[in-house]
2 protein chains.
Amino acid sequence: MSGEFDLIRRFFARPAPEGFLGPGDDCALMPAEAGTELAVSADLLVEGRHFFSDVDPVSLGHKSLAVNLSDLAAMGARPLGCFLSLSLPRADERWLQGFSRGFHALAERHACPLLGGDTVRSNRDTTIGVTVIGQLPAGSALRRDAALAGDDVWISGELGAADVALRLLQVRSAGDEALLAAARGALEWPQPQLALGQALRGLAHAAIDVSDGLLQDLGHILAASGCGAELRYDAMPVADCLLGLDAQLLRQAVLCGGDVYQLCFTASPQARPDIVRAAQQAGAKVSRIGRTVAQPGLTVLDADGGPIVLTGNAGFDHFA
Amino acid sequence: MSGEFDLIRRFFARPAPEGFLGPGDDCALMPAEAGTELAVSADLLVEGRHFFSDVDPVSLGHKSLAVNLSDLAAMGARPLGCFLSLSLPRADERWLQGFSRGFHALAERHACPLLGGDTVRSNRDTTIGVTVIGQLPAGSALRRDAALAGDDVWISGELGAADVALRLLQVRSAGDEALLAAARGALEWPQPQLALGQALRGLAHAAIDVSDGLLQDLGHILAASGCGAELRYDAMPVADCLLGLDAQLLRQAVLCGGDVYQLCFTASPQARPDIVRAAQQAGAKVSRIGRTVAQPGLTVLDADGGPIVLTGNAGFDHFA
């Protein structure tokens with residue numbers, strides 16, 4: 001195991017925080033506090049499916065952790081630590097250096113130390129597995145099944161840019177360089193909304209992070225909570241760089257585009273001033289985009305109050 | 001995500017224990033108790049590297065969890081829950097059914113519920129990522145760096161059979177069917193020594209689970225603890241089915257064979273009666289195979305007291 005250990009040590013080892021035991025033993029150790037719950041999320045990213053082979057390894061390291069931290073944010077949890085499992089066809093020093101730099105920079109920003117994991121040689125695929133563990137007061141989690149009919153529906157940040165960047169990178173036609181340059185930050189450097197998620201505990205009812213598209217992910221809240229929703233398209237926070245796009249393409253990107261990693265949440269209309277203040281304190285932009293209704297179903301209304309009909313796939317299925 | 005969710009739900013979903021939140025939200029939730037530490041281990045298994053493509057999926061499901069539970073055992077931790085991430089080239093119903101059956105049977109035996117994870121489509125490799133979370137009283141973990149010079153060195157279970165089975169499966173020559181049939185259980189159905197690990201808290205000094213070979217893994221204890229050891233080859237617990245093997249092959253398998261998933265631990269000679277009783281209560285066999293010494297280095301003595309010289313690779317390096 002010396003080669004494997006050398007790799008991990010050289011690029012990933014950092015001193016563990018006081019009271020923690022990091023890599024080097026059979027398990028990592030973390031203290032557990034009374035009256036709390038642990039929140040845990042595990043995701044896999046596969047080259048060619050979840051990221052391009054030639055993506056900047058620094059941004060890939062960032063994003064691999066960001067998508068998991070976003071799940072903690074959507075529960076309102078504070079990160080405790082993370083675990084990284086890499087399956088690589090070869091030990092590419094430049095790639096490891098960049099990846100570990102991006103991963104650690106985000107881990108440090110959110111006080112989420114890398115405490116262990118595994119590194120193995122793959123046959124062909126580069127596969128990145130991250131597990132994050134967070135903590136929150138017992139019973140305070142922002143669950144998907146807690147929306148009530150009559151809630152406001154909110155979204156943090158802006159919509160559409162990550163999806164547009166993904167499509168441009170898939171096509172790579174000339175002439176789109178300026179739009180790609182403006183949009184790709186949203187795709188490659190998603191910022192998990194941890195401060196907002198924690199600030200929403202006790203204020204929001206249900207929450208989810210938007211990874212597969214606003215309509216699909218809000219649909220999970222509605223299905224789990226047994227209600228419906230009516231959204232207003234003109235209330236959607238569209239990224240400025242997209243305002244010149246064809247209207248149909250833009251709608252698709254805003255409503256169905258994935259890789260957003262912003263929080264969609266519901267809350268009582270009485271909580272509006274508190275939510276606006278909580279978001280300001282967290283440094284997050286939030287927009288009220290509609291409301292939940294007792295009747296199941298999800299409708300998006302245009303500026304005239306008529307329903308918008310969408311074409312194509314309303315979200316992304318990794319097994320479709 | 002509907003296809004992905006269907007797969008996970010059909011084969012892996014089980015009701016979460018009281019006070020837990022299982023799959024279906026952004027994170028799983030687990031209660032955390034005061035005065036405890038969390039022990040966490042994450043491992044990746046890749047087809048063709050860590051398991052044969054045609055291995056029985058039931059035993060593969062068992063082993064994928066067993067190797068991680070073995071890490072909890074080696075810290076003395078009690079399992080809280082586990083997370084499974086599968087990257088698969090296709091959704092093979094028969095394989096998923098078998099794999100999930102083996103995984104869940106072991107999870108239930110050790111009260112380690114599957115609480116979440118991820119399922120994604122790979123390009124070619126089947127990659128299995130498991131993260132286990134355990135709990136133990138704060139400060140009681142059996143760490144690698146706690147051996148003292150003058151300790152006894154112990155091993156649980158028996159040695160050699162998994163390595164012999166692996167070599168026979170790699171060669172698949174005719175005439176070895178009886179030996180393979182007797183030895184392959186050790187390779188394919190390792191039994192994590194969780195009860196023994198927990199019983200050794202407060203009794204053993206240092207512990208490790210033997211995944212890469214006795215000498216290599218004991219070497220990790222010695223390096224972390226700053227001491228050496230002298231082992232007696234004739235004290236090694238050799239699996240009965242191997243007694244007809246060539247002596248040189250047998251030594252290699254016993255001392256350097258991997259995939260053992262038994263506990264190697266050190267303890268004061270005063271603790272001998274307590275350790276024997278703890279092992280009996282846990283239903284585990286333990287053997288005293290040598291002692292630690294102040295002088296760094298690891299020696300194995302034969303029945304005449306002369307040092308044994310090993311040929312070949314003293315363990316397995318996944319990146320070698």
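Convention: sequence-line order gives letters A, B, ...; per-chain numbering from 1.
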Open item on the list: Using 0.5 Å steps for rounding, measure from the CG atom of Asn68(A) to the CG atom of Asp118(B).
Closed with: 8.5 Å
Flag the one option from [options] with the top tally of heavy-atom pairs under 4.5 Å to chain B.
| options | answer |
| --- | --- |
| Ala224(A), Gly134(A), Ala34(A) | Ala34(A) |
| Leu45(A), Leu72(A), Asn123(A), Ile133(A) | Asn123(A) |
| Gly19(A), Ala28(A), Ser41(A) | Ala28(A) |
| Leu21(A), Leu142(A), Leu44(A) | Leu44(A) |
| Gly116(A), Gly129(A), Ser87(A) | Ser87(A) |

With a 4.5 angstrom heavy-atom cut-off, could you sort out which part of [X] is near chain B: side chain, backbone, both or neither?
| X | answer |
| --- | --- |
| Ala74(A) | both |
| Ala77(A) | neither |
| Thr131(A) | side chain |

Task: Polar side-chain atom of Arg49(B) near backbone of Val120(A) as donor-acceptor pair, under 3.5 Å - done: no
- [ ] Apply the test side chain to side chain contact (heavy atoms under 4.5 Å, CB included) to residues Cys27(B) and Val40(A): give CA-CA distance (whole Å), side-chain angles for both, the deciding distance (0.1 Å), then the verdict.
- [x] CA-CA 5 Å; Cys27(B) 295; Val40(A) 184; 5.6 Å; no
TODO: Carefully, step by step, assess Leu29(A) and Leu136(B) under the rule side chain to side chain contact (heavy atoms under 4.5 Å, CB included).
DONE: CA-CA 9 Å; Leu29(A) 296 176; Leu136(B) 72 173; 4.0 Å; yes
Open item on the list: With heavy-atom distances below 4.5 Å as the criterion, would you say the side chains of Asp26(A) and Ile208(B) are in contact?
Closed with: yes
Open item on the list: For the interface with chain A, which of Gly48(B), Pro31(B), Ser85(B) has the highest count of heavy-atom pairs at distances below 4.5 Å?
Closed with: Ser85(B)
Task: Heavy-atom pair count under 4.5 Å with chain A, highest-scoring of Asp71(B), Val46(B), Asp25(B) - done: Asp25(B)
Task: Intermediate values then yes/no, side chain to side chain contact (heavy atoms under 4.5 Å, CB included), Met30(B) and Glu37(A) - done: CA-CA 5 Å; Met30(B) 292 181 285; Glu37(A) 277 180 317; over 6 Å; no
Task: Engaged part of Ala138(B) at the chain A interface, taking heavy atoms whose separation is under 4.5 Å - done: neither
TODO: Give the C-alpha distance, both sets of side-chain angles, the deciding distance and a yes or no for side chain to side chain contact (heavy atoms under 4.5 Å, CB included) between Thr127(B) and Asp125(A).
DONE: CA-CA 9 Å; Thr127(B) 307; Asp125(A) 297 349; 5.7 Å; no
